[in-house]
Amino acid sequence: MKIGHKIIRVQRCSSTNDLAKKLALAGEKEGTVILAEEQTKGRGTRGRLWYSLAKKGLYASVILQPPSALLSLLPLAGGLAVSDACRVALGLGIKLKWPNDLLWRWKKLGGILCETSFRGDRLNYTVLGLGLNINHNLEDFPRDIRNHSISLKIITHKEIAVDSFLACLWPALDNWYQTLVRGRQKKIINSFLKRSAFSWGEKLAVLTDEGAFQGLFRGINRRGGLIVERDGQEKIFFLGEIRRVITDQGG
Ligand code: BTN
């Protein structure tokens, strides 16, 4: 089933990812979207809370069953879909930060949280969760994230018609998901790099549970891993968050 052909809308839930998982276990088909007006326990990456104010943001999860070897490319495909929808619906060129951040001028516009369930070593289902700041005013964001958050409304100075935006988002997501399952990794990686917040050779820090690692951005490999070079050696990351390292050019 094409993504977005079946949309289950709820007024409120703890997390659309949790609801999608429950429905997938109960037999809900690949492609079904769960859409909530509000989440009471929205989750972000690295165990963070995803602030989910009623009717201001997009809180959606899609049930998928990609080949498990391609899983680490799924957040990249999701980011490309949101970026296409922003371009088509609003004429905006947003940036993508590996692996799952959606940015506008280094401020956070949204993010993707993919969660997978395995039965033995076989993939049972995956849920692609998407959070996007749509009609927030600056004061709608909690103080601690206000300085680095942004919404489509703040960028465009206009109230966003969510349904028209979604009419662009589902076909874009279906298109990038098909690109993924057809094994066209190169297409996904090259497109992602063109829209990447980081450029080749730029200095960055990767924050992982084991600590921070500084090096130079050297792209993304076929499996969706981040390539970072330090002292002439390349290291690949599949988990982590990247930050800019501002160097003092004058010094
Ligand atoms: C991130 O930390 O950048 C990822 C945020 C993902 C938030 C979305 S909102 C819909 C879905 N349900 C959740 O609980 N989280 C994701």
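In each ligand, atom 1 is the first atom listed, and ligand 1 is the first ligand listed. Note: hydrogens, waters and symmetry copies are ignored here, and every other heavy atom, side chains too, is used.
The single protein non-hydrogen atom nearest to atom 15 (N) of ligand 1 is Arg43 O, 2.7 Å, given as residue, atom name and distance. For atom 3 (O) of ligand 1, the closest non-hydrogen atom of the protein is Lys108 NZ, 2.6 Å. When only non-hydrogen protein atoms are considered, atom 12 (N) of ligand 1 lies nearest to Gln39 OE1, 2.9 Å. Nearest non-hydrogen protein atom to atom 10 (C) of ligand 1 is Thr16 OG1, 3.2 Å. Residue, atom and distance of the protein heavy atom nearest to atom 2 (O) of ligand 1 are Thr45 N, 2.8 Å. Looking at atom 8 (C) of ligand 1, its nearest protein heavy atom turns out to be Gly131 N, 3.5 Å. Protein heavy atom nearest atom 5 (C) of ligand 1, with residue, atom name and distance: Trp50 CE3, 3.4 Å.
Ligand 1 has no atom lying under 4.0 Å from any heavy atom of Arg46. Residue Arg48 places no heavy atom under 4.0 Å from ligand 1.
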Test salt bridge (Lys or Arg N to Asp or Glu O under 4.0 Å) on Arg9 and Asp163 and set out the steps. CA-CA 12 Å; Arg9 289 175 187 260; Asp163 283 336; 3.6 Å; yes
Worked verdict on Lys55 versus Glu38 for salt bridge (Lys or Arg N to Asp or Glu O under 4.0 Å): CA-CA 6 Å; Lys55 295 186 181 175; Glu38 178 183 6; over 6 Å; no
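The CZ atom of Arg43 sits 10.5 Å away from the NZ atom of Lys41 when rounded to the nearest 0.5 Å. Expressed to the nearest 0.5 Å, how far CZ of Phe118 lies from OH of Tyr125 amounts to 11.0 Å. For the atom pair Ser52 OG and Leu58 CG, the distance stands at 10.5 Å (nearest 0.5 Å).
Contacts with ligand 1 closer than 4.0 Å are made by backbone heavy atoms (N, CA, C, O) of Ala60 only, the side chain lying farther away. Only the side chain of Asp101 comes within 4.0 Å of ligand 1, judged by heavy-atom distances.
The residue from Asn17, Leu109, Ile112 that puts a heavy atom closest to atom 4 (C) of ligand 1 is Ile112.
Relative ring orientation between Phe198 and Trp106 is described as perpendicular, the plane-to-plane angle rising above 60° on a 0-90° scale split at 30° and 60°.
Salt-bridge formation is detected for the pair Asp84/Arg195: a Lys NZ or Arg NE/NH1/NH2 atom is positioned less than 4.0 Å from an Asp or Glu carboxylate oxygen.
The atoms of ligand 1 that sit less than 4.0 Å from any heavy atom of Asn100 are 1 (C), 3 (O), 4 (C). Counting the atoms of ligand 1 from 1 in the order shown, those under 4.0 Å from a heavy atom of Gly42 are 14 (O).
In terms of the side chain to side chain donor-acceptor pair (under 3.5 Å) criterion, Thr45 has no residue partners (sequence neighbours excluded).
With a 4.5 Å cut-off on side-chain heavy atoms, Glu37 and Val162 do not count as touching.
Using a distance-only test at 3.5 Å, with no hydrogens or angles considered, no donor-acceptor pair links the side chain of Asp140 to the main chain of Lys56.
Considering backbone and side-chain atoms alike, Ser15 places an N or O below 3.5 Å from some N or O of ligand 1.
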